[in-house]
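These notes concern the structure reproduced below.
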2 protein chains.
Amino acid sequence: MGTRTDAPSRRAQILKEAARLFAERGFHGVGVDEIGAAVGISGPGLYRHFPGKDAMLAELLVGISGQLLTGGRRRVAAADGGPHAVLDSLIEGHIDFALDDRPLIVLHDRELDRLRDSDRKLVRQLQRQYVELWVEVVCRAYPNLAEPEARACVHAVFGLLNSTPHLGRPGTLPGRGQTADLLHRLARGAFEGAAS
Amino acid sequence: MGTRTDAPSRRAQILKEAARLFAERGFHGVGVDEIGAAVGISGPGLYRHFPGKDAMLAELLVGISGQLLTGGRRRVAAADGGPHAVLDSLIEGHIDFALDDRPLIVLHDRELDRLRDSDRKLVRQLQRQYVELWVEVVCRAYPNLAEPEARACVHAVFGLLNSTPHLGRPGTLPGRGQTADLLHRLARGAFEGAAS
DNA sequence: CCCCAAGGTTAACGACCGCTAACCGTCCTG
DNA sequence: CAGGACGGTTAGCGGTCGTTAACCTTGGGG
């Protein structure tokens, strides 16, 4: 038997609802009773699945950071074109994540400081590796960008791509595909502008 | 006697420290005692200056939104070049704000939902007007962008420019001037990329 | 058939938080 | 020199929050 991939239903459901609530109202703005109510159980029943409220946030943030990193590494490893093609792949992956898991993207750069020291250190390490992955590709694609500049560009483009939650209600923009395309052009253009 | 511009020292000091703390740990993560301690008085002494903790956040957010809007309008009115020059001026103004008042920029798009309904409605209205100001200029500068696309671009570029808090410790990037220049090129490039 | 693990329930505790009450010193002014 | 506005203080109240305790129900296996 594996120690993971057990009991997918309830635990995953709790994490999903907790992510939504944390993203909407902030970690400190959500009570455990509300999280419980969101999954049909109430209050302290959550403690059969998690040792505490902090642990939910920690698991969410570690999960996000890990997913982003491994997804990015996979795309870099699967590169078959030049550095620009690799960068496009990274951008595409990040956009997919931002569009499909908005609450997680919000948490990922808003609620990091609410973690216990050890968890925060781990998440920061994962995030840093993800950034460095991008920085290497950007430096290869735009050789006239120095590394600190490239790092700043990467952070800025993350801010750009993570702006999807601010796009607000749907319907203002045609569809997911076109939104993704627009974001992609924005990100590429930003790098081009920085390197000019 | 004017109803404003009185007692600049203490009140302004409280607002400044409250902004810093709210940005660092979130509105719900900061107690009034900590805000008091940050300005040398302790706890309920704050209630001689503000009716409550909510009022501090409200005043901060209304102030930021108003400053951004009036600053933007001033720059549009003072336009002496084509739409691209106006857009450059808007970008420059927003960068100045983002670099000089990082905590306020953070609050401005993180803690909006913690306000009472009336205050939130006001702030949202100011923010919307600011966005529309940009959208008009962008539509003039890039006529092949439809209005919904232009609006999405503006939000995305805000996300890009507001990423300065993530740049972390200073010293990684040369100086303020070069950071501002890099951000400016990133923003212009993003619009160019979107319009291509 | 019994039992026990899994996953709930409600009650309640201790800590904390926003805020009020009551009080106090210090100027500035009529 | 009285007096009141101003800007502090400490004590404490009411409510909320995360967490624990004690108990209950159900389903599957020796």
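- Straight-line distance from the CZ atom of B:F50 to the C1' atom of D:dC6: 16 Å, rounded to whole Å.
- Sorted by first then second residue, the salt bridge (charged side-chain N to carboxylate O under 4.0 Å, His left out) pairs that include residues 143-156 of chain A, not counting sequence neighbours, are A:E132-A:R151, A:E147-A:R151.
- The distance between atom CD1 of A:I41 and atom P of C:dT10, rounded to the nearest whole Å, is 11 Å.
- Listed by first and then second residue, the ring-ring contact (aromatic ring centres under 6.0 Å, His included) pairs that reach into residues 45-89 of chain B are B:H84-B:Y142, sequence neighbours excluded.
- Take B:E136 and apply the salt bridge (Lys or Arg N to Asp or Glu O under 4.0 Å) test, not counting sequence neighbours, and it matches no residue.
- Residue pairs that meet the salt bridge (charged side-chain N to carboxylate O under 4.0 Å, His left out) test with at least one member in residues 47-62 of chain B, sequence neighbours left out, are B:R11-B:E59.
- In this entry the distance linking CG of B:L46 with C1' of C:dC17 reads 13 Å, nearest Å.
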Reading nucleotides 18-24 of chain D 5' to 3', which nucleotides get B (base under 4.0 Å from a protein heavy atom), which S (sugar-phosphate only), which -? SBB-BB-

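- Note on residues 90-102 of chain B: pairs passing salt bridge (charged side-chain N to carboxylate O under 4.0 Å, His left out), not counting sequence neighbours, are B:R75-B:E92, B:D96-B:R176, B:D100-B:R176.
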